[in-house]
Amino acid sequence: MNDTIKSEVRALREKSKVAYVGSVNEEGFPQIKCMLVVEHDSMAVQYFSTNVSSRRAGQFLKNPKASVYYCDEDQFKGALFTGTIEVCTDRDTRAFLWREGFEMYYPAGVDDPDYCVCRFTAETVNYYHSLGNVTFPVAEFMPEEG
Amino acid sequence: MDGKFYEGARKLYRRVKIVFIGSLDHDGFPNIKAVLVTDKKSDMSEIIMKTNTSSRHVRQLMEHPQGCLYFIGLLGFKGVMLRGTFTVVEDAALKGKYWRKGDEKYYAKGEADYCLLVFTPADGRYYHNLAAGDFTVAR
């Protein structure tokens, strides 16, 4: 994929405060939820926090297929990352993502049994801007980030 | 039907201009696309959107018509997810009703690549800060 498109995807993701996360429910229907963008490792990995008791966490435990969508509605730009989500409850990952203010959602702190981390790993990305539309493997971002 | 959640959802719905379509791709992965609302019934029982017939989400919704529509409030603290069925409409008369001057820009191939997506919700879920609740959509 050419560098202009890759930098547009990167810029869109960097400026997004929220992402739309897609999951599949027990009946096989797609679901969407807006989630706060907190942290990422690379273009392929995005983290979200959620409640262990939430529907979404339950859905990802049964079916890890997921998507993460960043968009700029005003400019008709969007990037849809498709991959899988792992629900992490280990202390290291939970401590890594913990932020001041999370107590509002998880009153018992990092060790709140209802706090977990969704680690999304993308395989492909579809990017559109105006009438252009391309899909490419996320691995194509990797050499730049070595 | 839980009236409180339905009414909360209706308030957001009244102002909604952009919705996110949730569909399933051929391999079972959820897909998401933002689209503009073209027309909607005030009781939330039908939402109409214009799109390209050749688009990915149309192809996916033809294969799996069950999907969802999601929209949020201005600050993102409130959201609604409607679950239901999409119908791809290619009826010339109905399409003509919604065609507007300037649409040629989006549908360069003209009518051949222009269709309507009609979404009929069965039920929904309303989110407001930490609270969430389900409701059904009456017909």
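Naming convention: chains lettered A, B, ... in sequence-line order (proteins, then strands); numbering from 1 in each chain. The structure presented is a predicted model; accordingly, all values stated were derived computationally and were not measured.
- Atoms CZ and SG, on B:Phe71 and A:Cys34 in that order, are 13.0 Å from each other to the nearest 0.5 Å.
- Of the atoms belonging to A:Asn126, it is side-chain heavy atoms, and not backbone ones, that fall under 4.5 Å from chain B.
- Between B:Asn129 and A:Met104 there is no side-chain heavy-atom pair separated by less than 4.5 Å.
- Interface check for chain A: of the options B:Asp25, B:Ile18, B:Asn31, the most heavy-atom pairs under 4.5 Å are formed by B:Asn31.
- Under the 6.0 Å distance and 45° angle rule, B:Lys33 counts as a cation-pi partner of A:Tyr128.
- B:Tyr70 and A:Val18 fall within a single hydrophobic cluster, where Ile, Leu, Val, Met, Phe, Trp and Tyr are joined by side-chain heavy atoms under 4.5 Å apart, directly or via other members.
- Of the two parts of A:Lys17, neither the backbone nor the side chain holds a non-hydrogen atom closer than 4.5 Å to a non-hydrogen atom of chain B.
- The contact between A:Val21 and chain B is made entirely by backbone atoms, counting heavy-atom distances below 4.5 Å.
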Evaluate the criterion side-chain contact (heavy atoms from CB on, under 4.5 Å) for residue pair B:Phe29 and A:Val24; output intermediate values, then yes/no.
CA-CA 8 Å; B:Phe29 286 89; A:Val24 182; over 6 Å; no
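- Hydrophobic cluster membership is shared by B:Leu82 and B:Val37, with clusters built from Ile, Leu, Val, Met, Phe, Trp and Tyr side chains linked at under 4.5 angstrom.
- Inter-residue side-chain proximity for B:Leu24 and A:Phe29 is flagged as unmet; no heavy-atom pair is nearer than 4.5 Å.
- Looking at A:Ile32, the atoms closer than 4.5 Å to chain B (heavy atoms on both sides) sit in the backbone and in the side chain alike.
- Between A:Cys71 and B:Phe20 the shortest heavy-atom distance is SG-CE2, 3.6 Å.
- Side-chain atoms of A:Lys65 come within 3.5 Å of backbone atoms of B:Asp27 as a donor-acceptor pair (strictly under, hydrogens ignored).
- Of all non-hydrogen atoms in A:Pro30 and B:Gly22, the two that sit nearest each other are CG-O, 3.5 Å.
- No single ILVMFWY cluster, assembled from side-chain heavy atoms under 4.5 Å apart, contains both A:Val52 and A:Tyr105.
- In this structure, A:Met43 is a member of the same hydrophobic cluster as A:Val37, with clusters built from ILVMFWY side-chain heavy atoms closer than 4.5 Å.
- Linking ILVMFWY residues whenever their side-chain heavy atoms come closer than 4.5 Å, directly or via other members, places B:Val16 and B:Phe119 in the same cluster.
- Only the side chain of B:Leu36 comes within contact range of chain A, with at least one heavy atom under 4.5 Å from a heavy atom of that chain.
- The OG1 atom of A:Thr135 sits 4.5 Å away from the CZ atom of B:Arg56 when rounded to the nearest 0.5 Å.
- Geometric assessment of A:Lys33 against the ring of B:Tyr127 yields a positive cation-pi assignment under the 6.0 Å and 45° thresholds.
- Ring geometry for A:Phe76 against B:Tyr106 counts as tilted: the plane angle lies between 30° and 60°, on a 0 to 90° scale.
- For the pair A:Glu27/B:Gln66, no side-chain contact is recorded, criterion being any heavy-atom separation below 4.5 Å from C-beta on.
- Between B:Arg125 and A:Gln31 there is no side-chain heavy-atom pair separated by less than 4.5 Å.
- Heavy atoms only, all atoms of each residue included: A:Gly22 and B:Ile32 are closest at N-CD1, 3.6 Å.
- More than 12 heavy atoms of other residues, nucleotides or ligands shown are found within 6.0 angstrom of OH on A:Tyr47.
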